[in-house]
Amino acid sequence: RNCLIADNSAVFWGRGIHCIGDACRPEIVNCTIAQNTTSCELKHFHEEQATVGIYAFDGATPTIVNCIIWGHDDEIFGCTTVYSCNEDQEPEDLEGEGNIHVDPQFVNPLLGDYHLLTTSPCVDAGLGDHPNLPESDLDGEARPSGGGIDMGADEISDSDLDSLPDVWEMRVFGKLDYGPDDDPDADNLSNIEEFALKTNPTSRDTDGDGSDDAFEVAAGTSPLDPLSVFGVVSIEMVPGGTQLKWATVPGRQYRIHFSDDLSSWLLAGYVYTAEGQSLDVLDNTASSAIRRLYRVEVLP
């Protein structure tokens, strides 16, 4: 109950939960099982090497209630869920009562945050009269909170109805006074954006690397990693000028500025729109310069 089983990896038998034998009859209630992987390159050719959220075999009969099972090759095998959120439902799986098959809307699974957004379809969608429901969630918040019990290990509690979970507001502010559009640290990211990004809404620079959180979001670097910084990756003199390369975010636009003496900065070239993960640009005005300094601008 209230288990989070996520981001695990195995060479073979990549399962979140593996049940085998007729004596294996676990009750799995209000658990989140997500994005467990296998490193085996042959998983598409051998079913036993694929990733499965919950795998039951050889007479095992797990009871699965109010769970979220998401981000595997197959969410369940040889078993049935009820009032649960599964990414897909295979034809051979017996569809249980109350299941949904839509995005559960995790806060930030890329950063390992499997709490639910307040807009999640899993909110209030669980079975409320199961005899062994947990009385609280993985954060210790009471179940149910609101109109019904939520699917998964997280129970949304939003007593002031501002789309910000109470547990998050109390952790970062110590009170429930701020709204989703407020920006207490004046970094141009609203509280709801900071919540989704997992950044600190009381600090302009969560990772302390000298760049404001909003700038890092615009530049495509991580506001949670002080080693993730925006800058030129390589610069070298080539025939016809100077070749610059920097990391980019597809769709973002950039401009190059240069200075030969640091007293003034001039634009070099045009606005460049990134199509991939980096840009290579030639400054053909630099061939006669004794020395030249550059900076790259990320446009809003």
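Throughout, numbering of the chain's residues begins at 1 and tracks the sequence. Worth knowing before you read on, the calculation uses all heavy atoms, side chains too, and leaves out hydrogens, waters and symmetry mates.
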Evaluate Asn36 against Asn8 for side-chain hydrogen bond (donor to acceptor under 3.5 Å, both in side chains), listing each step before the verdict.
CA-CA 5 Å; Asn36 300 287; Asn8 300 290; 2.8 Å; yes
For the backbone of [Y] and the side chain of [X], can you confirm whether one donor and one acceptor N or O come within less than 3.5 Å of each other?
{"X": "Asp212", "Y": "Ala214", "result": "no"}
{"X": "Glu236", "Y": "Gln243", "result": "no"}
{"X": "Asn30", "Y": "Asp150", "result": "yes"}
{"X": "Asp139", "Y": "Glu141", "result": "no"}
{"X": "Asp205", "Y": "Gly210", "result": "yes"}
{"X": "Ser259", "Y": "Trp265", "result": "no"}

From the options Asp187, Thr221, Leu189, select the one residue that forms a side-chain contact (heavy atoms from CB on, under 4.5 Å) with Glu216.
Thr221
I want to check something: taking the side chain as every heavy atom from C-beta on, are [X] and [Y] in contact at a cut-off of under 4.5 Å?
{"X": "Asp166", "Y": "Asp158", "value": "yes"}
{"X": "Thr32", "Y": "Cys67", "value": "no"}
{"X": "Ser190", "Y": "Asp183", "value": "no"}
{"X": "Trp246", "Y": "Leu279", "value": "yes"}
{"X": "Leu299", "Y": "Glu297", "value": "yes"}
{"X": "Ser84", "Y": "Val82", "value": "no"}
{"X": "His72", "Y": "Ile33", "value": "yes"}
{"X": "Ile17", "Y": "Ile28", "value": "yes"}

Considering all heavy atoms of both residues, which atom of [X] and which atom of [Y] are nearest to each other, and what is their separation?
{"X": "Asp207", "Y": "Asp225", "result": "OD2-O, 3.0 Å"}
{"X": "Asn191", "Y": "Pro201", "result": "OD1-CB, 3.5 Å"}
{"X": "Val102", "Y": "Pro121", "result": "CG2-CG, 3.5 Å"}

Looking only at the aromatic ring of each residue, does the gap between the centers of Phe77 and Tyr55 stay below 6.0 angstrom?
yes
Do Asp283 and Arg292 meet the salt-bridge criterion of a basic N to acidic O distance under 4.0 Å?
yes
Would you call Arg143-Asp137 a salt bridge at under 4.0 Å N-O?
no
Please assess Thr51 against Asp73 for the test side-chain hydrogen bond (donor to acceptor under 3.5 Å, both in side chains), listing each intermediate value before the final yes or no.
CA-CA 5 Å; Thr51 61; Asp73 295 321; 3.2 Å; yes
Tell me, yes or no, whether the heavy-atom count around Phe258 atom CZ, taken from other residues, nucleotides or ligands under 6.0 Å, exceeds 12.
yes
Checking [Y] against [X]: is there a side-chain donor and acceptor pair closer than 3.5 Å?
{"X": "Glu194", "Y": "Thr199", "value": "yes"}
{"X": "Asn108", "Y": "His115", "value": "no"}
{"X": "Glu27", "Y": "His130", "value": "yes"}

Which one of Asn200, Asp213, Asp185 satisfies the side chain to side chain donor-acceptor pair (under 3.5 Å) criterion with Thr206?
Asp213
